[in-house]
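Everything numeric here is computed off the predicted structure, so don't read it as measured data. Computation of the quantities below employed the complete heavy-atom set of this structure, encompassing side-chain atoms and omitting hydrogens, waters and symmetry-equivalent molecules.
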Amino acid sequence: MTAYKSGDPTTLNRLYGRAKGKPLRAGQQALVDNLLPQIAVPAEGPVTAERLFGEDCPLHFEIGFGGGEHLANRADMLPGHGFIGAEPFLNGVAQALLHVSGDNGAHPPIPNVRIHHGDALEVLSRIPDGTLSFLYLLHPDPWPKARHAKRRMMNDGPVDMFAAKLKPGGEFRFGTDHAVYLRHALMVMQRHTDQFEWLCDKPGDFQSRPGGWPETRYEAKARNVYGHEVWYFRYRRK
Ligand SMILES: C[S@@+](CC[C@H](N)C(=O)[O-])C[C@H]1O[C@@H](n2cnc3c(N)ncnc32)[C@H](O)[C@@H]1O
């Protein structure tokens, strides 16, 4: 198994996707220019609840939040908790800012969200070990070709880092609609049973959405447009 080296994300590079899509509309650009600097994760130094939220609250981290629906929904559900999301795709960041902003000022902004425009593992490496309560990896890029399997976020190096950052009893949530990724992920997690316990009460658990797990845009499309099944996994850090 690849050893997790604290503070050494270079061995954990998983930044392969696209960084930018269509040009941003004026309103989106305004959010990136004005709101993002106010709620951005500091570029350097430790990433702690005290530093980001001013108190020792439960900390949640979402890897690759896409359009930010899940991040904003969860933060709205749990106002006393701090949420950090990382996403390298600028159009996704702009979309998430819209959710956080309370529909562009129509409602008060969601106060307990911080966003990093970039690589999740870089930020994760700066979170002190054993301090995360929840970690979310929802519909990671599948990289379906076998020769690209090392690019998948779910691999031994990142999973060791997930284990290091979660507190004992903390929860790692993983969702996918991709059968190749599912098989790969289950094989990886099978190598980490010393760190994670699969929270599963009955055989079909992973086929139905657990409570407190808002749907993402990607998931809705997978289900409604492509007719895919979606699989949900919850693991407790031992
Ligand atoms: C298939 S999309 C799913 C997005 C979202 N989780 C959802 O369910 O709607 C995968 C996302 O992971 C992001 N991603 C890829 N590599 C990443 C990395 N190293 N750090 C953070 N996000 C990453 C991509 O930019 C993309 O938005």
Could you please spell out the steps behind the side-chain contact (heavy atoms from CB on, under 4.5 Å) verdict for H139 and V230?
-> CA-CA 9 Å; H139 302 276; V230 177; 3.9 Å; yes

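- A cation-pi contact links R74 to F134, judged by a cut-off of 6.0 Å to the six-membered ring centre and 45° from its axis.
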Would N112 and H81 count as a side chain to side chain donor-acceptor pair (under 3.5 Å) if you check the C-alpha gap in whole Å, the side-chain angles of each, and the deciding distance to 0.1 Å?
-> CA-CA 7 Å; N112 53 335; H81 296 207; over 6 Å; no

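- By the 6.0 Å contact criterion, NZ on K221 is open, its count of non-hydrogen atoms from other residues, nucleotides or ligands being 12 or less.
- Remark: E219 does not engage R217 in a salt bridge, criterion side-chain N to carboxylate O under 4.0 Å.
- In this structure, the side chains of M153 and I63 come closer than 4.5 Å at one or more pairs of heavy atoms.
- Under a 4.0 Å N-O distance rule, the pair D156/R191 qualifies as a salt bridge.
- A donor-acceptor distance shorter than 3.5 angstrom exists from the side chain of D119 to the backbone of L121, with no hydrogens or angles considered.
- Although no hydrogens or angles enter the test, the distance criterion places no donor-acceptor pair under 3.5 Å between the side chain of D141 and the main chain of R151.
- Between H184 and P142 there is no side-chain heavy-atom pair separated by less than 4.5 Å.
- For H228 (side chain) and R223 (main-chain N/O), no donor-acceptor pair under 3.5 Å exists by modelled atom type.
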Between R209 and E215, is a side-chain contact (heavy atoms from CB on, under 4.5 Å) present by the stated rule, with each step listed?
-> CA-CA 9 Å; R209 170 193 302 286; E215 188 177 58; 3.5 Å; yes

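- Counting only heavy atoms from C-beta outward, the side chains of M154 and F174 approach each other to under 4.5 Å.
- Under a hydrophobic-cluster definition in which Ile, Leu, Val, Met, Phe, Trp and Tyr are linked whenever side-chain heavy atoms come within less than 4.5 Å, directly or via other members, F233 and Y218 are assigned to different clusters.
- Two residues are said to be in side-chain contact when any heavy atoms from C-beta on lie closer than 4.5 Å; I115 and E87 fail this criterion.
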Verdict with reasoning, Q38 to N34, per side chain to side chain donor-acceptor pair (under 3.5 Å) = CA-CA 7 Å; Q38 294 173 39; N34 303 321; over 6 Å; no

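- Criterion: ILVMFWY side-chain heavy atoms under 4.5 Å apart, direct or through other members. Under it, F89 and L31 are not part of a common hydrophobic cluster.
- A 4.5 Å side-chain heavy-atom check between F83 and L59 finds every atom pair outside the cut-off.
- Among residues two or more places apart in sequence or in another chain, the ring pair (Phe, Tyr, Trp, His ring centres under 6.0 Å) test is passed with F61 by none.
- In this structure, the side chains of I39 and L97 come closer than 4.5 Å at one or more pairs of heavy atoms.
- Relative orientation of the Y235 and W198 rings is tilted, given thresholds of 30° and 60° on the angle between their planes.
- In summary, the aromatic rings of F162 and F172 are positioned with their centroids under 6.0 Å apart.
- Follow the hydrophobic side-chain contacts under 4.5 Å out from W231 and you never reach V180; the two are in separate clusters.
- Side-chain heavy atoms closer than 4.5 Å link hydrophobic residues (I, L, V, M, F, W, Y) into clusters, and following such links, possibly through other members, connects I110 to M77.
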Step-by-step side-chain contact (heavy atoms from CB on, under 4.5 Å) determination, R126 to V41 = CA-CA 11 Å; R126 291 191 281 129; V41 174; 4.3 Å; yes

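- Salt bridge present: K165 and D129 bring a charged side-chain N and a carboxylate O closer than 4.0 Å.
- Judged by distance alone, the side chain of D76 and the main-chain N or O of A72 form no donor-acceptor pair under 3.5 Å.
- Residues R173 and L135 fail the side-chain proximity criterion, which asks for heavy atoms closer than 4.5 Å.
- Under a cutoff of 6.0 Å and an axis angle of 45°, R152 and W143 do not form a cation-pi pair.
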Enumerate, atom names and distances included, each donor-acceptor pair closer than 3.5 Å involving a side-chain atom of residues 49-58, sequence neighbours excluded.
{"from": "R51", "atom 1": "NH1", "to": "E44", "atom 2": "O", "distance (Å)": "2.9"}
{"from": "R51", "atom 1": "NH1", "to": "P46", "atom 2": "O", "distance (Å)": "2.7"}
{"from": "R51", "atom 1": "NH2", "to": "E44", "atom 2": "O", "distance (Å)": "3.2"}

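- Under a 4.5 Å side-chain heavy-atom cut-off, the cluster of Ile, Leu, Val, Met, Phe, Trp and Tyr residues that includes V225 is completed by Y226.
- A salt bridge links E197 with R236; the closest basic N to acidic carboxylate O contact falls under 4.0 Å.
- Salt bridge status for E171 with R237: absent, with no side-chain N to carboxylate O gap under 4.0 Å.
- Side-chain contact, N91 with Q28: no donor N or O sits under 3.5 Å from an acceptor N or O.
- Between Y136 and H70, the ring planes are perpendicular. Angles over 60° get that label, and only those under 30° would be called parallel.
- Residues F65 and L138 are not in side-chain contact: their nearest non-hydrogen atoms beyond the backbone lie 4.5 Å or more apart.
- Between the side chain of R25 and the backbone N or O of Q29 there is no donor-acceptor pair closer than 3.5 Å.
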